[in-house]
Enquirer: 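Below is a structure I'd like to ask you about.
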Amino acid sequence: MTTNDAVTTLLDARRLQGLLTNRSGRVIAQYSFLNSDGSSYLTHLADIGGDSPRRLTRGDQSIGPAAIDETGTIYFAAKRIGEDGKDAQSPSLWALPETGEARKLADHEGGFSRLDVKGQTLVAQLPVHTWAADEDEHQEYSRERREAKVSGILHSGFPLRRWDHDLGPGRETLAIADLNALTAEFDEELDEDDAQAGTGVTFRYLPLPAGRLVDWALDEEARFVLVQIEKPIPGQLEASEIWQVDLHKHGAPRLLIEAAADHAYGIEAISPDGTRALLTREQFWTSTTNMSAALMLLDLGTESLSPVWPEADHWFAPVWADDSTIVATADDHGRGSVFIGDVDDEQPRRLVGGESQKYAFAGLQVQGLAVVATASAIDVAPLPIAIDLVSGQISELANPASVIDGVGTLAEVAAVGDDGTAVRAWLALPEGEGPFPLVVFAHGGPWGSWNSWTYRWNPGPFTAAGYAILLPDPAISTGYGQSMIDRGQQELGGAPFTDILALTDAAIERPDIDAERTALAGGSYGGYMANWVAGHTGERFRCIVTHASLWNTTSMGRTTDNASWDVAMRKQSSTYSPHLFADRIEVPMLVIHGDKDYRVPIGQGQELWYDLLTRSKTPLDAEGLTQHRFLYFPDEGHWITGRGNAEVWYRTVLAFLDLHVLDIDAERARTLG
């Protein structure tokens with residue numbers, strides 16, 4: 001496969017986005033594909049319970065949040081053409097029974113953020129006007145703002161924005177609707193106009209505690225929701241509380257867990273009988289503590305907390321299989337595993353996974369005596385699977401996504417860190433015997449692992465171009481126990497850096513790797529690492545690619561959308577901020593940044609670019625111009641998601657590598673202007 005073919009195949013592929021299921025056995029896939037002109041991606045739904053996928057939704061607008069009830073009815077948000085022949089301003093709420101046409105249930109200006117349904121109760125997360133107490137007021141006040149052409153947003157807390165979008169001007173709240181009236185009407189035959197007109201449901205807003213709604217979970221009997229509310233407290237701008245909110249006006253919201261400055265609890269799942277909940281206790285990264293995650297059990301009657309699986313050394317994403325059994329996914333030594341155990345066990349047993357296979361798993365949902373999930377690997381695009389909870393047998397479900405043939409082979413590389421810790425990496429190799437030029441990919445996070453498929457930093461287009469790709473898991477990587485996090489958390493440019501160099505040294509000792517032709521690339525924290533490497537390795541790597549990268553850690557924590565990082569970053573900045581070493585950079589760098597990146601703000605990229613042009617030692621080219629380049633995306637965020645922009649990303653990175661690693665004078669993409 002040629003480089004062009006590999007990039008096109010990757011970016012044109014249908015992509016599995018997630019699964020919906022009910023305990024009765026229906027499985028629905030959310031998947032995306034290119035629109036008719038190939039310029040952007042649409043997300044739609046398919047039934048994958050049979051031998052082949054059956055597409056359920058149509059239209060030239062994506063399906064938004066969706067949920068499924070026990071009858072098999074799917075509730076989803078989507079824009080549709082209105083009576084005036086134009087697309088609606090906001091997505092409407094629709095119900096699609098297992099047989100029959102979708103029917104519109106409600107309109108809401110601003111659309112729907114999330115849906116869940118239990119029995120005859122639908123709970124929706126909605127953006128609403130700050131002053132609004134009900135839907136009528138929300139519509140009136142929103143129209144007033146729109147007609148006044150006001151864009152200003154008045155904030156009273158932090159953050160102002162998240163990832164790639166502004167927060168506000170209103171607030172996120174929860175609303176409930178009674179679906180009983182719909183049951184009989186689903187049995188009637190309606191023509192298309194009647195279906196478009198809808199049967200209608202009425203939403204009632206829930207009285208949530210003051211603060212920003214972060215997360216929530218609905219119990220199986222639709223009696224209450226648990227909500228995570230974020231608010232500032234002394235010492236922490238984004239502290240969070242856990243509340244129980246009754247759905248039927250039987251009492252005021254009940255505070256279960258108070259906010260703390262050094263840790264927070266996230267909601268995982270409510271037990272089927274509604275008496276207990278699984279939470280994750282996240283210890284914040286500070287200047288004296290490292291990020292950690294522990295699974296906890298909250299008794300909703302006594303409000304007592306106790307650890308779950310205390311002898312296990314993993315970060316779990318759990319679901320309840322029944323009132324006493326938990327199933328959970330976790331990163332596991334460059335792969336993934338699914339664990340199962342009683343809530344009172346000291347540790348679970350591995351149901352599937354481990355070093356005997358290469359899959360990572362995500363999105364567990366219970367279906368009787370099985371769970372459905374997505375599985376993927378470095379060289380396997382996500383596919384839907386079911387796992388038998390007794391035998392651990394994996395069976396593949398009908399897949400609406402593209403199967404992408406891998407390029408070359410996948411191997412593993414092992415090394416020993418400076419402190420004697422064993423570290424490992426995946427190595428993606430092109431077809432042939434080599435020796436191949438090597439590009440090292442530093443992963444982001446820094447809490448993460450190279451253990452699953454990605455469309456953003458996929459090795460395929462690079463191996464198709466003849467490059468070997470090293471995917472190291474250094475200190476702070478997940479899936480290797482808390483000790484691996486602790487090794488590097490307080491030294492961002494210490495153990496993670498030396499681990500990556502140790503794995504690079506091990507890779508270039510192989511006869512199929514060309515030790516003289518190497519480069520390094522990374523995004524987010526991987527971009528931090530790319531910047532750190534650039535200032536600390538002289539000419540060891542022929543060039544560096546840095547995407548959405550941290551450059552000045554003295555200012556990063558105060559401008560990102562995650563305020564909890566600020567103190568820890570500034571504490572390390574005098575030693576581990578890459579900007580201090582700009583005058584040591586000797587090789588060409590490709591800087592990539594999106595203007596809508598609020599996790600690593602564009603100012604980091606701008607300051608890096610200024611320092612490269614004024615302080616680095618990198619020699620000028622034959623025409624007296626800089627060898628550095630800045631690929632800037634005015635309309636992208638932390639990730640480059642547009643179809644055309646993603647292609648330009650791959651082709652520009654590959655051209656930069658070709659020029660500086662292979663001495664091939666590759667031309668810039670013509671679409672860049």
Side-chain angles (χ1 to χ4, degrees), residues 110 113-114 116 123-133 138 141 152-176 205-218 224-247 251-268 270 277-289 291-294 296 298 300 303-305 556-570 598-599 601:
S113 305
R114 181 178 159 191
D116 199 0
V123 178
Q125 180 178 329
L126 310 168
V128 300
H129 194 286
T130 302
W131 281 23
H138 169 71
Y141 301 155
I153 303 171
L154 182 64
H155 288 279
S156 60
F158 190 93
L160 309 181
R161 50 195 189 174
R162 180 68 76 183
W163 286 112
D164 62 356
H165 62 278
D166 293 319
L167 298 179
R171 59 190 170 90
E172 292 284 318
T173 196
L174 297 179
I176 67 170
Y205 294 0
L206 292 179
L208 297 185
R212 187 172 75 90
L213 177 63
V214 175
D215 194 13
W216 54 278
L218 174 63
F224 64 87
V225 290
L226 296 183
V227 296
Q228 181 182 357
I229 300 292
E230 195 173 80
K231 62 174 61 174
I233 63 171
Q236 180 57 263
L237 285 176
E238 297 175 272
S240 64
E241 304 167 329
I242 304 295
W243 292 76
Q244 181 174 334
V245 181
D246 188 88
L247 297 186
R254 180 166 65 111
L255 178 63
L256 299 175
I257 296 179
E258 295 183 348
D262 64 344
H263 66 271
Y265 287 89
I267 302 167
E268 297 291 351
I270 301 171
L278 293 171
L279 308 178
T280 292
R281 184 189 189 278
E282 179 186 306
Q283 175 67 52
F284 294 152
W285 169 37
T286 73
S287 58
T288 57
T289 60
M291 175 78 82
S292 64
M296 305 292 290
L298 172 64
L300 298 177
E303 301 179 18
S304 61
L305 279 165
M556 165 66 187
R558 285 168 286 177
T559 55
T560 179
D561 59 7
N562 190 334
S564 67
W565 292 345
D566 180 41
V567 174
M569 282 189 178
R570 282 191 286 124
Y598 302 149
R599 179 51 48 109

Enquirer: Less than 4.5 Å apart, any side-chain heavy atom of Y205 and any of L126?
Expert: yes
Enquirer: Do the non-hydrogen side-chain atoms of V227 and I242 ever get within less than 4.5 Å of each other?
Expert: no
Enquirer: Taking all non-hydrogen atoms of both residues into account, name the closest pair between S113 and E172 and its distance.
Expert: OG-OE1, 2.8 Å
Enquirer: Would you say R212's side chain and G157's backbone share a donor-acceptor pair under 3.5 angstrom?
Expert: no
Enquirer: I want to check something: taking the side chain as every heavy atom from C-beta on, are D215 and R114 in contact at a cut-off of under 4.5 Å?
Expert: yes
Enquirer: Taking C-beta and beyond as the side chain, do T173 and L213 meet within less than 4.5 Å on heavy atoms?
Expert: no
Enquirer: How close do L206 and D246 get, heavy atom to heavy atom, and via which atoms?
Expert: CD2-O, 4.3 Å
Enquirer: Donor-acceptor pair, distance only, cut-off 3.5 Å: does the side chain of H129 make one with the backbone of G170?
Expert: no
Enquirer: Quick one, T130 and L154 - any side-chain contact, counting heavy atoms below 4.5 Å?
Expert: no
Enquirer: Okay, side chain of Q283, backbone of D262: is any donor-acceptor separation there less than 3.5 Å?
Expert: yes
Enquirer: List the steps, then state whether side chain to side chain contact (heavy atoms under 4.5 Å, CB included) holds for V567 with T286.
Expert: CA-CA 7 Å; V567 174; T286 73; 5.9 Å; no
Enquirer: For a quick test of reading the model, state the closest non-hydrogen atom pair linking L167 to P159 and the distance between them.
Expert: CD1-O, 3.4 Å
Enquirer: Below 4.5 Å, heavy atoms only, C-beta onward: do Y141 and V128 meet side chain to side chain?
Expert: no
Enquirer: Please round to the nearest 0.5 Å and tell me the distance separating atom CE of M569 and atom OG of S287.
Expert: 13.0 Å
Enquirer: Between L256 and Y265, is the side chain to side chain contact (heavy atoms under 4.5 Å, CB included) condition met? List the steps.
Expert: CA-CA 11 Å; L256 299 175; Y265 287 89; over 6 Å; no
Enquirer: To the nearest 0.5 angstrom, please state how far the CZ atom of R254 sits from the CG atom of L300.
Expert: 6.5 Å
Enquirer: Indicate yes or no: does E238 engage R162 in a salt bridge with an N to O separation below 4.0 Å.
Expert: yes
Enquirer: What pair of heavy atoms forms the shortest contact from G110 to P127, and how long is it?
Expert: O-CG, 3.4 Å
Enquirer: Any chance you could lay out the side chain to side chain contact (heavy atoms under 4.5 Å, CB included) test for I153 and L160, step after step, and finish with the verdict?
Expert: CA-CA 9 Å; I153 303 171; L160 309 181; over 6 Å; no
Enquirer: Please determine if R599 and D561 form a salt bridge, counting it only when a charged side-chain N lies under 4.0 Å from a carboxylate O.
Expert: yes
Enquirer: CG/D566 to CE/M556 distance, rounded to the nearest 0.5 angstrom?
Expert: 10.0 Å
Enquirer: Is it true that atom CH2 of W131 has more than 12 heavy atoms of other residues, nucleotides or ligands lying nearer than 6.0 Å?
Expert: no
Enquirer: Between V245 and W216, is there a side-chain heavy-atom distance shorter than 4.5 Å?
Expert: no
Enquirer: Indicate the atoms forming the closest heavy-atom contact of F284 with A260, along with that distance.
Expert: CE1-O, 4.3 Å
Enquirer: Step by step, would you call V225 with D116 a side chain to side chain contact (heavy atoms under 4.5 Å, CB included)?
Expert: CA-CA 11 Å; V225 290; D116 199 0; over 6 Å; no
Enquirer: Just checking E303: does its CD atom have more than 12 heavy atoms from other residues, nucleotides or ligands closer to it than 6.0 angstrom?
Expert: yes
Enquirer: Which atoms form the tightest heavy-atom contact between R161 and P601, and what is the distance?
Expert: NH2-CB, 4.4 Å
Enquirer: Out of curiosity, L208 CG to I229 CD1, how far, rounded to the nearest 0.5 Å?
Expert: 5.5 Å
Enquirer: With no hydrogens and no angle check, is any side-chain donor or acceptor of S564 less than 3.5 Å from a backbone partner on W285?
Expert: no
Enquirer: Roughly how far, to the nearest 0.5 Å, is CZ of R558 from CG of L237?
Expert: 12.5 Å
Enquirer: At what distance, to the nearest 0.5 angstrom, does CG of L279 lie from CD of Q228?
Expert: 9.0 Å
